Amino acid sequence: MKILFFFGTRPEAIKMAPLIHELKRDRHSFDVKICVSAQHREMLDQVLNFFGIKPDFDLNLMQPNQNLSQITEAVLRGVQEILVACKPDWLVVQGDTTTTFAGALAAFYQRVKVAHLEAGLRSFNKESPFPEEMNRVLTTHLSDLHLAPTDRARENLLRENIAEKNIFVVGNTSIDALFLCLDKLTGKTIRDFPALAGIDFSKRIITVTGHRRESFGKPFENICRALRRISESADVELVYPVHLNPNVRKPVFDMLQGRSNVHLIEPLDYAAFVWLMNQSHIILTDSGGVQEEAPSLGKPVLVMRDVTERVEGIAAGTAKLVGTETDKIIAETVKLLTDPQVYEAMAKAVNPYGDGEASRRICAIWQRHPR
Ligand code: UD1
Ligand code: UDP
């Protein structure tokens, strides 16, 4: 069975990598090919290097400050050619990016079956996350096999009349990737991560990430204002690997540069980022992947968004939605810094998103029923 993986951004690569390695181990059953859109360039290459993945095809489509139509158009055109040349039985896409949606659409046009990894997440709000909620809804309806991370995701798919026989709850491969990475981190110290030099790890570390399109403009300024006030009033080290999107970098550098306890650093390679999360006291983020990983590490997550599709972490009590208003972000962070009971209640190592076995389950599905 010929399986073509198609992805383009950092989080897709992280979540595809364990499955690629798993399927490649069974050469008898699977002929694995990899195509990247390179919707991200540097941030994708960091992940490909870490996991030792060499794409067979590279659309290399990233443009500075690209817009959504540009990405969609370039993916549609690029993937069409690859599908014609490669003739896969399946195209595998992951998650909710524009690469994901446009790749699935191109496969549908070519009558190639689509397997959707991380299927069924829903915020039920078309505007948030934007454009991811619509990307994932549309991808669902273009897909033939739905690999859902949780029972809740499966229920969401059933409510949209997706046939039960095509849905498999497998866990999220993000946790497979996390466990693979944690294994490789055994025995590592700060000396192994030059990108983290200059951070005082004897202090409490607050790790921050943020990049959502619906937060560009005022919400992002509110977030930065909150971070600045937290850094001024608490004896903490604030570490922010800043996403390469210029719409993120401008407000972050304009508003946060120059404070000695605020470390604005370049995007970290996956191993360094996981190590940093593991050293952190609190994580402030709007990232989907980070919301999944942090609970496994027993780190409280404050989610700087109004809605989330990762509701399992909220239900488990390890993540809390704090929105994008300055005062609320400060109040919730201060609560975690000053109230040990509140902190302990959130710092539970639970794993609502997976057990590290998702890739093996998916591999077994295709081995049992070659489709
Ligand atoms: C994209 C995805 C989002 C995902 C996020 C993960 C879409 C519409 N958005 O958002 O769902 O959560 O990735 O990070 O699919 N850039 C670089 N180098 C890089 C990466 C980005 O320079 O390696 C800059 C470029 O100027 C690029 C811009 O960032 O044009 C925006 O990249 P894009 O992929 O469109 O949006 P993200 O915000 O990264
Ligand atoms: N990540 C990373 N380096 C960083 C920040 C994040 O490797 O500097 C990883 C993180 O561990 C997670 C993924 O990137 O697996 C999340 O990516 P991002 O926040 O860009 O996208 P999202 O998950 O929100 O789609």
Side-chain angles (χ1 to χ4, degrees), residues 7-18 36-51 60-72 74-75 93-103 118 121 129-136 139 172-178 180-182 193 195-196 207-216 220 239-250 263-278 280 283 285-294 296-297 299 301 303-305 308-310 353:
F7 54 96
T9 66
R10 168 172 71 189
E12 293 164 78
I14 291 168
K15 293 171 179 183
M16 290 287 209
V36 293
S37 69
Q39 176 177 334
H40 285 173
R41 185 70 276 173
E42 299 87 341
M43 287 160 59
L44 172 72
D45 292 343
Q46 279 183 317
V47 182
L48 296 177
N49 288 341
F50 175 74
F51 286 101
N60 197 24
L61 63 76
M62 195 193 83
Q63 300 290 329
N65 208 7
Q66 60 207 359
N67 66 49
L68 300 175
S69 302
Q70 274 174 328
I71 308 169
T72 308
V75 168
V93 295
Q94 195 284 334
D96 54 20
T97 72
T98 296
T99 286
T100 312
F101 157 61
E118 195 182 272
L121 275 62
F130 175 88
E132 289 82 7
E133 177 70 2
M134 281 315 288
N135 281 344
R136 55 172 91 102
T139 302
N172 200 314
T173 53
S174 61
I175 307 303
D176 303 16
L178 180 67
L180 285 171
C181 185
L182 287 171
F193 303 104
L196 300 175
T207 293
V208 183
T209 77
H211 67 82
R212 302 242 77 91
R213 268 179 163 76
E214 67 275 9
S215 295
F216 290 171
F220 235 99
V239 187
Y240 189 160
V242 188
H243 194 288
L244 294 180
N245 193 324
N247 300 290
V248 173
R249 292 177 84 79
K250 182 154 179 18
H263 303 271
L264 303 179
I265 57 178
E266 293 305 306
L268 291 168
D269 69 46
Y270 183 54
F273 187 73
V274 170
W275 194 83
L276 172 67
M277 279 198 292
N278 226 353
S280 299
I283 297 174
T285 192
D286 64 14
S287 159
V290 175
Q291 285 179 67
E292 289 156 3
E293 292 159 349
S296 295
L297 304 172
K299 304 297 173 183
V301 187
V303 182
M304 299 184 292
R305 293 166 56 171
T308 182
E309 57 293 322
R310 270 97 175 166
Y353 300 105

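Count residues from 1 along the sequence. Just so you know, these numbers come straight off a predicted model, no measurement behind them. Both ligands and their constituent atoms are indexed starting at 1 by order of listing.
- Closest to atom 23 (O) of ligand 2, if we only count protein heavy atoms, is G289 N, 2.7 Å.
- Contact atoms of ligand 1 toward H243: 14 (O), 37 (P), 38 (O), 39 (O) (distance under 4.0 Å to a heavy atom of the residue).
- Less than 4.0 angstrom separates some heavy atom of R41 from each of these atoms of ligand 1: 19 (C), 23 (O).
- Atoms of ligand 2 lying under 4.0 Å from at least one heavy atom of I14, given by number and element, are 9 (C), 13 (C), 14 (O), 15 (O).
- Protein heavy atom in closest approach to atom 11 (O) of ligand 2: E293 OE1, 2.7 Å.
- The ligand atoms of ligand 1 that sit less than 4.0 angstrom from a heavy atom of P131 are 8 (C).
- The single protein non-hydrogen atom nearest to atom 16 (C) of ligand 2 is S287 OG, 3.6 Å, given as residue, atom name and distance.
- Every atom of ligand 2 is numbered from 1 in the order shown, and the set under 4.0 Å from a heavy atom of R212 is 24 (O).
- Between G289 and K15, the shortest heavy-atom distance links the atoms CA-NZ, 4.1 Å.
- Considering backbone and side-chain atoms together, D269 places no N or O closer than 3.5 Å to any N or O of ligand 2.
- Distances between N or O atoms of L268 and those of ligand 2 include at least one value under 3.5 Å.
- Atoms of ligand 1 found under 4.0 Å from any heavy atom of I71, numbered from 1 in the order shown, are 35 (O).
- Only the backbone of Q63 comes within 4.0 Å of ligand 1, counting heavy atoms alone; no side-chain atom from C-beta on gets that close.
- Here the rule is side chain to side chain donor-acceptor pair (under 3.5 Å) with N135, and of T72, T100, T97, T98 only T98 fits it.
- The protein heavy-atom contact nearest to atom 32 (O) of ligand 1 is Q66 NE2, 3.3 Å.
- Protein heavy atom in closest approach to atom 17 (O) of ligand 2: R10 NE, 3.5 Å.
- When non-hydrogen atoms are compared, ligand 2 lies under 4.0 Å from the backbone of Y270 as well as from its side chain.
- Taking only nitrogen or oxygen atoms, main chain and side chain alike, E266 does not reach within less than 3.5 Å of ligand 2.
- Which parts of ligand 2 touch P241 is read off a 4.0 Å heavy-atom cut-off, strictly below it: atoms 8 (O).
- Of the protein's non-hydrogen atoms, the one nearest atom 25 (O) of ligand 2 is P11 CG, 3.4 Å.
- At a 4.0 Å heavy-atom cut-off, ligand 1 does not touch P267 at all.
- Close contacts of ligand 2 with G288, meaning ligand atoms under 4.0 Å from a residue heavy atom, involve 22 (P), 23 (O), 24 (O).
- The part of L68 lying near ligand 1 is the side chain, judged by heavy-atom distances below 4.0 Å.
- Of the heavy atoms in M43, none comes closer than 4.0 Å to ligand 2.
- Taking atom 1 (N) of ligand 2 as the reference point, the nearest protein heavy-atom neighbour is F273 CD2, 3.6 Å.
- Distances below 4.0 Å separate heavy atoms of N65 from the following atoms of ligand 1: 25 (C), 26 (O), 27 (C), 30 (O).
- Counting the atoms of ligand 2 from 1 in the order shown, those under 4.0 Å from a heavy atom of P267 are 8 (O).
- Side-chain polar atoms of Q94 and E118 form a donor-acceptor pair below 3.5 angstrom.
- Each of the atoms 3 (C), 9 (N), 11 (O) of ligand 1 lies under 4.0 Å from some heavy atom of E132.
- Per-residue contacts place R212 under 4.0 angstrom from the following atoms of ligand 1 (heavy atoms of the residue considered): 11 (O), 12 (O).
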